[in-house]
Amino acid sequence: GTDGGGLNRLDLESGSFHRYRNDPQNDNSLCSDSVYAVTEDRYGDLWIGTTSGGVDRFNPETETFIHNKFDPGNENSIASNSVWEVFEDSKGNIWLGTAMGGLNKYDRENNRFIRYKDNPQDPNSIHCDFINQICEDKDGTLWIGTFGGGINHFDPETGKFSAYTHNPSIQYSLSNDVVNAVFVDREGVLWAGTDSGGLNKHIHITDKFKHYTNIPTDATSLSDKNVTAIFMDSEENLWVGTSLGGLNRTNKESDGFIHY
């Protein structure tokens, strides 16, 4: 997915790319050339989130696009045409993280979208309508990184949300409410990458966060306080992507990081 160049598919044998671009004259073309999220579901379809055209479902066999756009007259449509995240949970549900449209769930049986939006009058609603990333733990709980509402915890069984947010008076609270990345590792530990607040590790037994940030005088500290991506490899190394400090890998010999 590219910002302005549409969707590209790499042929590993030839090394060449096939491009899918928006064509205003062709209803079966990609809905927008600014692609921010791509996920393959269990049926082999690609879900393509765009910044202004909604979300497309693409069938690679027939090479056809199904467009899903915001319709102000239809409460069953997606809530925003700006889709930053597409996530399939362990039950096969597709979840969309939107900009200012909250969390959206695709109801396959009825071919509609269910919206979860911030309601200041409801403490059990989602705490922010701008969603950056979604992940799931082994219990089926969704963890949602938001742009200004911290980390939201969603129980699909009850339909209720709770949140971890930054509290300046509490040292071990979340370090920043802009959460770019959320990740649950193999041991069930929740990690969060924040904007200006570095990396956060949730300590389940105390319900507190441990903070990792950039310390200029410490060469083994996190290289940048703006964290954009988190991943654990097959050898259980945690990799942390940053805005300006490159890539970081946890050092198993210490509590520090190796920089790339």
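Numbering starts at 1 and runs along the sequence shown.
- Side-chain atoms of N200 and Y212 include no donor-acceptor pair closer than 3.5 Å.
- Ring centroids of F161 and F154 are separated by less than 6.0 Å, placing the two rings close together.
- Atom OH of Y172 has 12 or fewer heavy atoms from other residues, nucleotides or ligands within 6.0 Å.
- Between D177 and L174 the shortest heavy-atom distance is OD1-CD2, 4.2 Å.
- For the pair T220 (side chain) and G256 (backbone), a donor-acceptor distance under 3.5 Å is absent.
- Counting non-hydrogen atoms of neighbouring residues, nucleotides and ligands closer than 6.0 angstrom, the CD atom of E63 exceeds 12 such neighbours.
- A side-chain donor-acceptor contact under 3.5 Å links N81 to the backbone of F70.
- When only modelled atom types and interatomic distance are considered, T64 and N59 share no side-chain donor-acceptor pair under 3.5 Å.
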request  = Kindly determine whether R57 and E88 satisfy salt bridge (charged side-chain N to carboxylate O under 4.0 Å, His left out), including the steps that lead there.
outcome  = CA-CA 13 Å; R57 183 169 54 166; E88 182 181 35; over 6 Å; no
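- A single hydrophobic cluster is not seen to contain both I203 and I151; linkage of ILVMFWY side chains at heavy-atom distances under 4.5 Å, directly or through other members, places them apart.
- The aromatic rings of Y116 and W95 lie tilted to each other, with the angle between the two planes from 30° to 60°.
- Looking at E75 and R115, no side-chain N of the basic residue comes within less than 4.0 Å of a carboxylate O on the acidic one, giving no salt bridge.
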key: side-chain contact (heavy atoms from CB on, under 4.5 Å) between S82 and T98, worked out   = CA-CA 6 Å; S82 186; T98 73; 5.9 Å; no
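- A donor-acceptor pair under 3.5 Å is formed between the side chain of H259 and the backbone N or O of S221.
- Under the 4.0 Å criterion applied to side-chain N and carboxylate O atoms, K160 and D155 are not assigned as salt-bridge partners.
- Taking the centre of each ring, W47 and F58 stay at or above the 6.0 Å mark.
- Heavy-atom neighbours of D139 CG from other residues, nucleotides or ligands within 6.0 Å: above the threshold of 12.
- With contacts defined as side-chain heavy-atom distances shorter than 4.5 Å, the pair D195/T228 does not qualify.
- Within the structure, the ring-ring contact (aromatic ring centres under 6.0 Å, His included) test picks out the following pairs touching residues 74-94 (sequence neighbours left out): Y36-W84, W84-F130.
- In this structure, the salt bridge (charged side-chain N to carboxylate O under 4.0 Å, His left out) partners of D255, at least two apart in sequence or on a different chain, are K210.
- Contact check for N152 versus T146: side-chain heavy atoms found under the 4.5 Å cut-off.
- For the residue pair S34/D3, the side-chain donor-acceptor check at 3.5 Å is satisfied.
- Between D41 and R108 there is a salt bridge, since at least one side-chain N of the basic residue sits less than 4.0 Å from a carboxylate O of the acidic one.
- Taking the six-membered ring where tryptophan is involved, the planes of H202 and W143 are tilted, since the angle between them lies from 30° to 60°.
- The environment of R249 atom CZ is dense: over 12 non-hydrogen atoms of other residues, nucleotides or ligands sit within 6.0 angstrom.
- In this structure, F65 and Y20 have perpendicular ring planes: the angle between them is above 60°, well past the 30° mark.
- Considering only heavy atoms from C-beta on, S32 stays 4.5 Å or farther from N22 through its side chain.
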